[in-house]
Each structure stands twice: as structure tokens, then as C-alpha cells.
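Only one structure is covered here, and it is reproduced in the block below.
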2 protein chains.
Amino acid sequence: MRATVKDVAKLAGVSPKTVSNVINGVVFVRPETRARVEQALSELDYVPNMSARGLRNGRSGMIGLALPDLLRPYSAEVTHLVVELAHQRGWGVQIQQTAAEPQREFDLLSKARAHLVDGLILNPINLDDSAVMTAGPLPPVVLVGDVEQDVVSQVTIDNVAAARDLTQHLLDQGFRRIAAVGTPEPASRKVGGSTDAPGTAAARLRTDGYHEALEAAGIPPDPELEIALDSWSPEGAAAATGRFLEGHEPPDAFFCFTDTIAIGTLSALWTAGVAVPGTSAVAGFDNILESRFVVPPLTTVDFDRREFVQSALDLLAERMGGNDAKPRRVVVPHRIIPRASTAR
Amino acid sequence: MRATVKDVAKLAGVSPKTVSNVINGVVFVRPETRARVEQALSELDYVPNMSARGLRNGRSGMIGLALPDLLRPYSAEVTHLVVELAHQRGWGVQIQQTAAEPQREFDLLSKARAHLVDGLILNPINLDDSAVMTAGPLPPVVLVGDVEQDVVSQVTIDNVAAARDLTQHLLDQGFRRIAAVGTPEPASRKVGGSTDAPGTAAARLRTDGYHEALEAAGIPPDPELEIALDSWSPEGAAAATGRFLEGHEPPDAFFCFTDTIAIGTLSALWTAGVAVPGTSAVAGFDNILESRFVVPPLTTVDFDRREFVQSALDLLAERMGGNDAKPRRVVVPHRIIPRASTAR
DNA sequence: TTGAAAGCGATACCAT
DNA sequence: ATGGTATCGCTTTCAA
């Protein structure tokens, strides 16, 4: 059986309270008492029982992280940073994937209220389905990503501006016929009751920015050049781009709504024998680690992911501190990284 | 204040025990009693306190997952599967990254003994530093990956055979001068006290397989063709491959010890203007999702990741079930996926 | 500064 | 089938 504070107290000849004081190091303990307790602590190889501590304190020392799809390199980068930066604050991270069923978000909310996690970082697919819009008291929650709301704190980038800037970069390169890959399903094709494809909120905002830039350049958006995807994956992008190329001349450029999509599009173009750069250009979004190393290196939208995650944790800490101030919204700046994939 | 079993019991006019019985649904409860309790449950929006339950039951319903580096697409795939398959068993997943400091493995072990997690899936970098080799009783642990041990259960692939098979594939394609990227630092270059580079155990085993295949073909391994890396990353691989190309003619083929490495090597070859396939071939290891979509599509070693993770969870469940049988070892089969990157 | 005792919330044993 | 009660391990009043 594992040692408890009582065992330690008995061995050290003190009371459980004193042991607790030593462990938590808040009040002053006489050095010799402290030494005796520490001796007993290590002698018995004492490990505190977190469940008991959590029950007593009402805090678990863990936060939850809910991402739509853990499979993507982007998710890996976010997870990596959340784990590292949360660790610095002494928090553990429980991870959850929500794309499979929106229900999962509610599960996590429940777990939060069940005191299994003290707070939540949530990347909702779209706000309508999101559990945060539910009635009732919320645990500390911070949203990352694209949905529009002011119920809880949020960290995001300006998707519309970023998409506009990237499209502008393509226009500046002299490209006129610019396809967008990852746009939302056209309304006409939406079937009632079906779940939206992943990334819907981002898809809409990025499409808006793309349209704005085109229109500002006097180019009417062409629905034929908007390629919707079942999923924001290389598979989906390669398949959709391949089908597109069967029915259309290669456009001057493809604006892919994530780098992961761009990898699929590049693959389809390679298969079809379309030169990149040369015949078509390709740009992505997110600046994942791999995008510098794909062939050709990928022009993309970058933002400081560490700052992004750090902000999320700051906001969460604010909430967890019992701060009832108005939810805050942090917008992390972005910039275009031009690389060979959009060279002329 | 949130409702407790007591509150529910009072409202339903029953005892806490009955409420517990209804919630956990083990023993029979009279339908009308059950109905009253369920009514009260939802009326008070009851959420069980996991800390309390954990304290009482000695189980938290969570498992820990410790990977060296969460940043890699491979880690993302493993994490994705662990979360999904653990969810099916009703387990939550707490995630930890260990490459930064080996210390972290001990932290997780501690957390396990602190009953914050009921079991652990550990991918140790190398066994020497691993916390599982420490003395003392271990919580339920399953190792995934490459180290040789028989202290705890383990799921792995046959790295030596896989590397041999892949090298043989390259030989079969007619390549003779085959470089390996990701080999362990030569012993002479190891500085005392410095931490091993990530993936050391795998690096050694894959190097062994590579050597075996070469020797079987009558080709003496050439240390000049063994390219060590600081880290198994695209950056590291691109830099090392670039340096290699400055001093050497391009070899017939590069055997990269992960797909992530291969992406970096492909990038460096592209930058140097070396045709792939054509002048050099490139092969990877792991068959990450992206490898089918890189340019050119990457020959690699595949194994069923779902089976891999499912086995790990099976083994863990065995341990967590209090089974004290001998640790088991599951070897998941592998196969070579030939793609364009090693075409002649 | 330290000790004694109560209590966090859920569950299991022992009754009935 | 259900109720009373002790208990898990820790922290925190309240006293001394």
C-alpha cells in the first residue's frame, strides 16, 4: 500500500497538518521539523494522491484541449505547444478530438464541470454546434480559432485579412485566374441535417477574404474556381484537384486554405504533369513545419503559433483565476511567407 | 454550488446509496425509484465529481500517453489513434512530451502513482534513461517502440527486418551506393554526458538492418554514406543532406529512417538540383499520411498503426486489470510500399 | 508553530 | 431493494 500523509506524519512524529504544510510550503515550518518530515517523505517514497487533493481543493491541475482533428500536422504543432507551455505553468493536458462527433465537446464540458479539468481550450468547428453556446454556467473556457462570438475569451487570427493578403500576393505576382481550394460547400449542395465539413467557419472567412481581394482588383469571383472539399486533408485535396483538372485548364494559381490541402493539390498537379511553379502556382495557409520542405517550398500564411498558444493559456489563466471580467479577444498578427511555389 | 449525490437523494427521497446504484446501474433498482432518481438527477443537472469518485475507487479513468516529440506527423497519427481507441474504452488521455527532458517520464510515472492516470503508454527514446528501468513498483505500463527489455509489456515492429527489407527493395531496384540518413552518431563523436539524439534505439536497429542487407548483397557498408542527424526533423535532414551533397556525388539512393527525414532529404535534393527519381532515389519509414502526397510519392515502410495502438491498449488493459502475468510483447507486421521515389 | 478533528463527494459494506 | 455509515487521502478551520 502506498504511503499517505498519515504514515509520513507518524514516521516523522508530527501531525498530518504539518506534513501538508511542508509539502505545500506556504506557512513557515521550523527547519528541524521540516527536515524530519522531508526525511520521512523520501523514506516512504510518498506520492500525493491527486484525487484526494483535487476533491479537497476543487482543482485537478489539468486543462483540457479539444481539437477537431488530431491527425493534421497543424494539430500536432498546437498540441506540442499547449503541452509545453501548460507544463511550464504546472498544468497537465488532457486531449480530446471533436470532429468525429460534436457530442465530444459536451463530454469535455461535462468533464470540466466534473472537476476533471480546471479549464478548457476549445477549437470548435463551427459555433452553431458548439457546446459553449449551450445555456448554463460554463467552466473556464478559451476558444481558439475562427468562430464569431463574445461569450467566452478567444484567440484567433484575422482570417479575412490573411486570406485577402495572400490573394493579393498572388495578384501581385501577376496571377489573374486564381482557384480557391477548401471553400465551403455551395449552399445549393448542402443537404439538410448533414454535418458541416471540418473547418467551416474558417472556410467561410477565408473565402470572404479571397473574394474581397479579387473584387478590389476588378476580377469577378468565378464559382467554377472554388473547389469545395469533403475534408481538409491531402487525400481530399488531391482527389478534388484531380477532378478539377479533368474539366478545366490549370488556373494561374491555387490558393489552398491550409498547407495540408496544398500538399494534396501539389500532389495532384505533379500527377497531372502541371509544372509548379511555371504553369500554376500554389499557396497554403498556416506555415506548418513541413511547408518549407515540400517540393517546391510553399508560399503560405504564417502566424506566431507560440504566441497564439501562450495567449490562449494567458486567457485561460485569467478565467481560472476566478476573474469575471468581460471575455477578451486576442488577435494574433499574421504575415505572408513567399516561397518558390508562387514564384513567376 | 453544484449538486451532489446527497442533494439528488434528498430531492428524490432516497438514500445516496440508491442514487449511486442508479448512476452506476449495477444492482437492480425498482423502476419507479429509478425514475424518481433520474428525474432528480436531470432536474439538478447533476455531474459526478471525478475526484471524489477517483479517490473512492482508486481509478481515474484516464491513461497517460508519453511521446518523445509531439511535433511530428507520426506523433499526431499515434495520438489521434490513442485518443480515439481509448475513448471507445471509456478512457480519457493525458498527454506528455518527453524529449525535452527525460525527467518528464518520471513525472508521468509519478502521476500514475498519484492515481492521476490508471496506466501509461510510453514511447521511450532509449532504455537507459527510461523511467521504467528504475527500481520500485511500476503502475500499468506499456512500451511502444524499439527498446529491448522484458520488464513491461511492449508493442513494436521488427525494425531490423523492416530496415533490411527496405534496403533489399533498393538493391532490387539496382541501386548499389545507398546512403542512410538518421544513423546514430558514430561512437567517436559522442561526447560524454550529452543526451542521445532522439530515436537512438530505432536508429541503431534500423542501421543494423541496413548493414545486414548490404552485406548479404556483398556490399561493404561505407561509413561515409551514413548520415547522422541532430534531430529526426525535416530541418535536420535537409541541412545534413545539403552538407553531404557538397562533399559527395549523389548516391544511388537515400534510405531515410523516417518519412519526416525523407521530406527534408527530398527538399535538399530538390534545392541541389538532383533528380528524384532519376539521379537518386529516396525512401522513408513509417508511411505517414503525407508520404503518399509528397513529390515524388515516397517509398516507405508501412505497418498497421491502428493495430499497433489497439494492441498497446489491449496490453495496457491486461495490466490495468490487475493481471500479473508475464509482460507480453506484440510485434506488428510491416511491409514495403513501393512508390515513385524509388522508381528506376 | 503545531495538533485534533471535520469534511470534500462518491461508494461499498452491513444491515434491514 | 434500499438505508445508514465508514472510508478513500488530503487540506483546513479552530485550538492550544
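Just so it is clear: chains get the letters A, B, ... in the order the sequence lines come, proteins before strands, and each one is counted from 1.
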> side-chain hydrogen bond (donor to acceptor under 3.5 Å, both in side chains) with B:Asp314: which of B:Arg328, B:Arg319, B:Arg89?
Replying inline: B:Arg89

> Nearest nucleotide by nearest heavy atom, which residue falls closer to the 5' end of DNA chain D, B:Ala52 or B:Gly13?
Replying inline: B:Gly13

> How long is the line joining CG of A:Asn21 and P of D:dC10, in whole Å?
Replying inline: 14 Å

> Are any of B:Arg53's side-chain N or O atoms less than 4.0 Å away from OP1 or OP2 of C:dT11?
Replying inline: yes

>> For a 4.5 angstrom cut-off between non-hydrogen side-chain atoms, does B:Val155 reach B:Val332?
In response: yes

> Any side-chain heavy-atom pair from A:Arg306 and A:Phe308 closer than 4.5 angstrom?
Replying inline: no

>> Counting the atoms with a prime plus P, OP1 and OP2 as sugar-phosphate, which does B:Thr33 contact under 4.0 Å by heavy atoms, base, sugar-phosphate, or nothing?
In response: sugar-phosphate

> In whole angstroms, how far is the P atom of C:dG9 from the CG atom of B:Asn24?
Replying inline: 17 Å

> Using a cut-off of less than 4.0 Å, is there contact between a side-chain N or O of B:Ser20 and OP1 or OP2 of C:dT11?
Replying inline: yes

>> With a 4.0 Å limit, can you tell me whether B:Thr18 has a side-chain N or O closer than that to the phosphate oxygens OP1/OP2 of D:dT2?
In response: no

>> I'd like to check B:Gln154 versus B:Val147 (side-chain heavy atoms, cut-off strictly below 4.5 Å). Are they in contact?
In response: yes

> In whole Å, what is the span from the OH atom of B:Tyr46 to the P atom of C:dT11?
Replying inline: 6 Å

> Hey, does A:Val14 reach any base, or is it just sugar-phosphate, or nothing, if we go heavy atoms under 4.0 Å?
Replying inline: sugar-phosphate

> Over how many whole Å does the gap from A:Ile23 atom CD1 to D:dT12 atom P extend?
Replying inline: 12 Å

> Could you state the NZ-C1' distance from B:Lys10 to D:dG3, rounded to the nearest angstrom?
Replying inline: 16 Å

> Can you find a side chain N or O atom of B:Ser15 that sits less than 4.0 Å from OP1 or OP2 on D:dG3?
Replying inline: yes

> Is there a donor and acceptor pair, one atom on the side chain of A:Arg56 and one on the base of D:dT12, closer than 3.5 Å?
Replying inline: no

> Whole-Å distance between D:dG9 C1' and B:Leu116 CG?
Replying inline: 14 Å

> Is there a side-chain contact between B:Ile23 and B:Leu41, using heavy atoms and a 4.5 Å cut-off?
Replying inline: yes

> Starting at NZ of A:Lys6 and ending at P of D:dC8, how long is that distance when rounded to a whole Å?
Replying inline: 7 Å

> For B:Asn57 and D:dT7, what is the distance between atoms CG and P respectively, to the nearest whole Å?
Replying inline: 17 Å

>> By nearest heavy atom, map A:Asn49 and B:Arg34 onto DNA chain D; which one lands nearer the 5' end?
In response: B:Arg34

> If you check the B:Lys17 side chain, which of D:dG9, C:dA12, C:dT2 turns out closest?
Replying inline: C:dA12

